[in-house]
Amino acid sequence: MLTTRPRGTNDLLPGEIEKWQYLEGVLREVAELYGYQEIRTPIFEHTELFQRGVGETTDIVEKEMYTFLDRSGRSLTLRPEGTASTVRALLENKLHAGALPVKFYYIAPMFRYDRPQAGRYRQFHQFGVEVFGAAEPGLDAEVIAMMLDIYGRLGLKDLRVELNSVGCSDCRKVYRAALQEHLKEKLLELCPTCQGRYKKNPLRIFDCKSRQCQELVADAPTITESLCPACREHFSRVQEYLKELQIPYHLNPYMVRGLDYYTRTAFEIVAEGIGAQSSIGGGGRYDNLVEECGGPPLPGIGYAMGMERILLALEKQQVKLPLSRRQTIFLAALGKEAQKAAAVLAQELRQRGLSAEWDYQGRSLKAQLKTADRLGAVFTVIIGEEELQKGTVLIRKMQESRQESLPLEQVGSYLEKECGKGVSEDGAGTMEREKTGAQDSKN
Ligand code: HAM
């Protein structure tokens, strides 16, 4: 117990974390290009927020929430998703008081008590965006385009956009009745959870993981047939925009998404051939949610992508990310005085923006050079006791195995200049280079 993490959680370790940092960099950059601002909300909220926001009869609320009482007996829940929290923060901080629309993004851990498997975890991370105050179909198309832009920049291929309209509350009343009528004769064949959903919220039967329930709704009437003229018009305009933006999509009239707040446009992005958890992102419009949470009538739309799933898809598609690693300078010190000089020089180098490490343990030169090698140091500064008395050090350029003597006080400016020379191919900057390059240099 003490040495195992809870089921469905992951440690993100060096070696892997560089991919996360790269991914986060791309997400932040694109979010800003599209005019989104970052928002960070608490990891837990009042349970009621998700019950009301996400919906009482959803799988998330019925089966998957991490809910607990705090020491004062309040019911709190680790957030299973980001939309409800963002709406709460919008209202609490009156973020909708100024010019509209307002656009937010988040990168955050989410928690769902789901059955863990590759791509499905109990703690996972989402990048999500939420826009408030614009009901127009052009925005629906733009958020889908933004998702594809992100996946494209990362190098993902073979993606499918699944698109549907789940209508407004009027359309859903009609559809609900049609669905109940369809299932009337088969009610007892539904699983016990779906028998409850039949009365309260028959749309949720589409989310059921039981094969039997899936088969029972496979030939159900579609929501498309129940759309009111205004929702039909909105949906067709979304599709016009998508065509204009040259975004291919598949209409999937049975895709209702697992959260109750959706209205009109709903979409999911599926990565072909990456296994069972192939939905790498999804979202939709939620024009009634703000009002349902106690705010003014304010339309909303957003999406979230599973970051673990993106990384998994990249791996499956063998996409090599252009990861860069900071160059390091290693200071090998021989003797106590030399160690002090190394400590001081390391600080100076860091002030100059160079990454530096030195040997704290006073080991042999051979051992220290081995460390320099392991770190992939570009330069090693050898500070010997005798040379130090003369005020000089040796500088070894590791790749070229060439070394030269230099006055100690000139080392900082010399290395700053040397390290500033090479700008890596991807333009990552003077102190960055390809990670693979770092490994190659050892040979
Ligand atoms: P969602 O479809 O529940 O939507 O989740 C969005 C994405 O999160 C999924 O497409 C998937 O990539 C990832 N995901 C979900 N559950 C897991 C899990 N257990 N393990 C790993 N990844 C997972 C929402 O959460 C909505 N809040 C999206 C949204 C924002 N709609 C409007 N605004």
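Heavy atoms only: backbone and side chains are in, while hydrogens, waters and symmetry mates are out.
- Heavy-atom contacts from other residues, nucleotides or ligands closer than 6.0 Å to CZ of Arg52 number 12 or fewer.
- Scanning all heavy atoms of the two residues, the minimum distance from Tyr151 to Ile280 falls at OH-O, 3.0 Å.
- We find the CG-CG distance between Leu154 and Leu321 to be 7.0 Å, quoted to the nearest 0.5 Å.
- To the nearest 0.5 angstrom, Lys336 atom NZ is 9.5 Å from Glu385 atom CD.
- With hydrogens and angles disregarded, no donor-acceptor distance shorter than 3.5 Å links the side chain of Arg402 to the backbone of Ile395.
- Ion pair Lys209/Glu64 flagged as a salt bridge, since at least one NZ, NE, NH1 or NH2 atom sits closer than 4.0 Å to an Asp/Glu carboxylate oxygen.
- More than 12 heavy-atom neighbours from other residues, nucleotides or ligands sit within 6.0 angstrom of CD on Glu404.
- Considering all non-hydrogen atoms of both residues, Asp207 and Gly258 come closest at OD2-CA, 3.5 Å.
- Side-chain atoms of Leu156 and Ile310, non-hydrogen and from C-beta on, do get closer than 4.5 Å to each other.
- A salt bridge is absent between Glu387 and Lys390: the closest approach of a Lys/Arg side-chain nitrogen to an acidic carboxylate oxygen does not fall below 4.0 angstrom.
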Only distances under 3.5 Å count here; give the side-chain donor-acceptor pairs of residues 4-13 to other protein atoms, sequence neighbours excluded, each with its distance to 0.1 Å.
{"unit_1": "Arg5", "atom_1": "NE", "unit_2": "Thr9", "atom_2": "O", "d": "2.7"}
{"unit_1": "Thr9", "atom_1": "OG1", "unit_2": "Pro6", "atom_2": "O", "d": "2.6"}

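- Partners of Tyr113 by ring pair (Phe, Tyr, Trp, His ring centres under 6.0 Å), not counting sequence neighbours, listed by chain and number: Tyr66.
- Phe104 places a side-chain heavy atom less than 4.5 Å from the side chain of Leu90.
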Item to complete: Dump the intermediate steps for side-chain hydrogen bond (donor to acceptor under 3.5 Å, both in side chains) on Asp114 and Tyr121, then the final yes or no.
Response: CA-CA 7 Å; Asp114 209 338; Tyr121 309 100; over 6 Å; no
Fill in: Check against salt bridge (charged side-chain N to carboxylate O under 4.0 Å, His left out), Arg204 and Asp260
CA-CA 8 Å; Arg204 294 277 67 92; Asp260 269 352; 2.5 Å; yes
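- Remark: Lys397 engages Glu400 in a salt bridge, criterion side-chain N to carboxylate O under 4.0 Å.
- Side chains of Arg309 and Gln277: a donor on one and an acceptor on the other come within 3.5 Å.
- Atoms CG and CZ, on Leu369 and Arg396 in that order, are 5.0 Å from each other to the nearest 0.5 Å.
- Note that CD1 of Ile383 and CG of Leu408 are 6.5 Å apart. Values are rounded to the nearest 0.5 Å.
- Dense packing is recorded around CD of Gln361, with more than 12 heavy atoms of other residues, nucleotides or ligands lying under 6.0 Å away.
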Item to complete: Please test Glu268 against Tyr303 for side-chain hydrogen bond (donor to acceptor under 3.5 Å, both in side chains), starting from the C-alpha separation and ending with a verdict.
Response: CA-CA 9 Å; Glu268 248 170 58; Tyr303 65 77; over 6 Å; no
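- Salt bridge status for Asp373 with Lys370: absent, with no side-chain N to carboxylate O gap under 4.0 Å.
- When side chains are defined from C-beta on, Leu406 does not count as touching Thr392, because their heavy atoms never get closer than 4.5 Å.
- Proximity of Val393 to Ser405: side-chain heavy atoms (C-beta onward) are nowhere separated by under 4.5 Å.
- Side chain of Gln339 to backbone of Tyr360: a donor-acceptor contact under 3.5 angstrom is found.
- When the shell of 6.0 Å around OH of Tyr241 is examined, it contains 12 or fewer heavy atoms from other residues, nucleotides or ligands.
- At least one donor-acceptor pair closer than 3.5 Å links the side chain of Thr263 to the backbone N or O of Asp287.
- Under the rule for a side chain to side chain contact (heavy atoms under 4.5 Å, CB included), the partners of Ala346 that lie at least two apart in sequence or sit in another chain are Leu331, Arg350, Ala356, Trp358.
- Electrostatic pairing of Glu81 and Arg79 does not count as a salt bridge here, judged by no charged N lying under 4.0 Å from a carboxylate O.
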Return a table of donor-acceptor pairs under 3.5 angstrom between the side chains of residues 20-28 and protein atoms on other chains or two or more places apart.
{"unit_1": "Arg28", "atom_1": "NH1", "unit_2": "Glu38", "atom_2": "OE1", "d": "2.7"}
{"unit_1": "Arg28", "atom_1": "NH1", "unit_2": "Glu38", "atom_2": "OE2", "d": "3.4"}
{"unit_1": "Arg28", "atom_1": "NH1", "unit_2": "Tyr105", "atom_2": "OH", "d": "3.2"}

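- The two atoms that bring Ala145 and Leu245 nearest to each other are CB-CD1, 4.2 Å, heavy atoms only.
- A salt bridge links Glu272 to Arg160: at least one charged side-chain nitrogen sits closer than 4.0 Å to a carboxylate oxygen.
- No side-chain donor-acceptor contact under 3.5 Å links Ser278 to the backbone of Val270.
- Inter-residue side-chain proximity for Pro296 and Leu91 is flagged as met; some heavy-atom pair is nearer than 4.5 Å.
- With hydrogens and angles ignored, the 3.5 Å screen pairs no side-chain donor or acceptor of Asn201 with any backbone N or O of Thr57.
- A donor-acceptor distance shorter than 3.5 angstrom exists from the side chain of Ser165 to the backbone of Gly167, with no hydrogens or angles considered.
- A donor-acceptor pair is defined here as one N or O able to donate and one able to accept, closer than 3.5 Å; such a pair exists between the side chain of Thr86 and the backbone of Gly82.
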Run the side-chain donor-acceptor check on residues 126-142: report pairs under 3.5 Å with partners two or more places apart or on a different chain.
{"unit_1": "Glu130", "atom_1": "OE1", "unit_2": "Tyr286", "atom_2": "OH", "d": "2.6"}
{"unit_1": "Glu130", "atom_1": "OE2", "unit_2": "Thr83", "atom_2": "OG1", "d": "3.0"}
{"unit_1": "Glu130", "atom_1": "OE2", "unit_2": "Tyr106", "atom_2": "OH", "d": "2.6"}
{"unit_1": "Asp140", "atom_1": "OD1", "unit_2": "Arg285", "atom_2": "NE", "d": "3.1"}
{"unit_1": "Asp140", "atom_1": "OD1", "unit_2": "Arg285", "atom_2": "NH2", "d": "2.7"}
{"unit_1": "Asp140", "atom_1": "OD2", "unit_2": "His234", "atom_2": "NE2", "d": "2.8"}
{"unit_1": "Asp140", "atom_1": "OD2", "unit_2": "Thr265", "atom_2": "OG1", "d": "2.6"}
{"unit_1": "Asp140", "atom_1": "OD2", "unit_2": "Arg285", "atom_2": "NE", "d": "3.1"}

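- Residues passing the side chain to side chain contact (heavy atoms under 4.5 Å, CB included) test with Ala266 are Val166, Met255, Arg257, sequence neighbours excluded.
- Taking both residues in full, the closest heavy atoms of Val102 and Leu95 are given as CG1-O, 3.6 Å, listed atom of the first, atom of the second, then distance.
- Within 6.0 Å of CZ in Arg40 there are 12 or fewer heavy atoms belonging to other residues, nucleotides or ligands.
- The closest donor-acceptor contact from the side chain of Gln123 to the backbone of Met110 lies at 3.5 Å or more, if one exists at all.
- Asp149 and Tyr34 are linked by a side-chain donor-acceptor pair at a separation below 3.5 angstrom, with hydrogens and angles left out of the test.
- The shortest non-hydrogen separation linking Thr41 to Ala89 is CG2-CB, 4.0 Å.
- For Pro109 against Ile43, the heavy-atom pair with the smallest separation is CG-CD1, 4.2 Å.
- To the nearest 0.5 Å, atom OG1 of residue Thr193 and atom CG of residue Asp59 are 8.0 Å apart.
- Atoms NZ and CG, from Lys316 and Asp158 in turn, are 14.0 Å apart once rounded to the nearest 0.5 Å.
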